[in-house]
Amino acid sequence: MQMHILFLIPQKKRLASTGWRSQLTEIPTVGEKSQILCRVLDDNENEVEKFKMGIRIYYNDELVDTIQPTYHEGGHWEYDYVFKDPGIHIYRVDLYDVADNGDVLTYTFNVTTLVPFGYIFYYTVIAGGFAGTELMIWSFLSRKKKTSAKP
């Protein structure tokens, strides 16, 4: 599956979308390879020929990884990344040489990661607890009804 985050920039170039792809899930999973996608478009929504971009990845307000600024041919760039911790990762994407005044344009994206089967396990345990409780209540009420029905 593929997910995109659309981000518009009023300058001549813009970071059109960034996202991730995973074989099984829509949300990146901890410990599994995810493919990060970045596209840079001009004002006419055409991919630019070349762009320079760097990425800083934060987790719990700590810098956990960086991708050094490099030039990329074509309007998109894909790379593989493995997340180590579940939760929200903050991507700060820096575009170089695109602002009219020569400044670096920085955009922030939130990327949520999950533990494999983490939530499914919790939901299953909770559902099992409710089902067990209902069964015990039903059994108790059935026995009470039978004993009260006997003369």
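Of all heavy-atom pairs spanning Arg56 and Thr66, the tightest one is CG-CG2, 4.1 Å. Scanning both residues, Tyr96 and Pro69, for their nearest heavy atoms gives OH-CG, 3.4 Å.
For the ring pair (Phe, Tyr, Trp, His ring centres under 6.0 Å) test, no residue two or more places apart in sequence or in another chain qualifies with Tyr58. Here Asp61 pairs with nothing under the side-chain contact (heavy atoms from CB on, under 4.5 Å) rule; sequence neighbours left out.
Rounding to the nearest 0.5 angstrom, the gap separating the CG atom in Asp103 from the CG atom in Asp94 is 11.5 Å.
Note on Ile67 and Val64: same hydrophobic cluster, where clusters join Ile, Leu, Val, Met, Phe, Trp and Tyr whose side-chain heavy atoms are under 4.5 Å apart, directly or indirectly. The hydrophobic cluster containing Ile57 also contains Leu105, counting ILVMFWY residues as joined when their side-chain heavy atoms lie under 4.5 angstrom apart, directly or transitively. Hydrophobic clustering of Ile, Leu, Val, Met, Phe, Trp and Tyr side chains at less than 4.5 Å, counting indirect connections, unites Phe140 with Ile137. By the criterion of side-chain heavy atoms lying less than 4.5 angstrom apart, applied directly or through intervening Ile, Leu, Val, Met, Phe, Trp or Tyr residues, Val82 is not grouped with Tyr91; the two fall into different hydrophobic clusters. Both Ile88 and Leu63 are assigned to one and the same hydrophobic cluster, defined by single-linkage of ILVMFWY side chains at heavy-atom distances under 4.5 Å.
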For Thr106 and Val93, what are the C-alpha separation, side-chain angles and deciding distance, and is it a side-chain contact (heavy atoms from CB on, under 4.5 Å)?
CA-CA 5 Å; Thr106 301; Val93 180; over 6 Å; no

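Taking 4.5 Å as the limit, some side-chain heavy atom of Ile90 sits within range of a side-chain heavy atom of Asn110. A 4.5 Å side-chain heavy-atom check between Phe83 and Tyr59 finds every atom pair outside the cut-off. Looking only at side-chain heavy atoms (C-beta outward), Asp85 and Thr113 stay at 4.5 Å or farther from each other.
Aromatic ring orientation, Trp77 versus Tyr79: parallel (interplanar angle below 30°, classes split at 30° and 60°).
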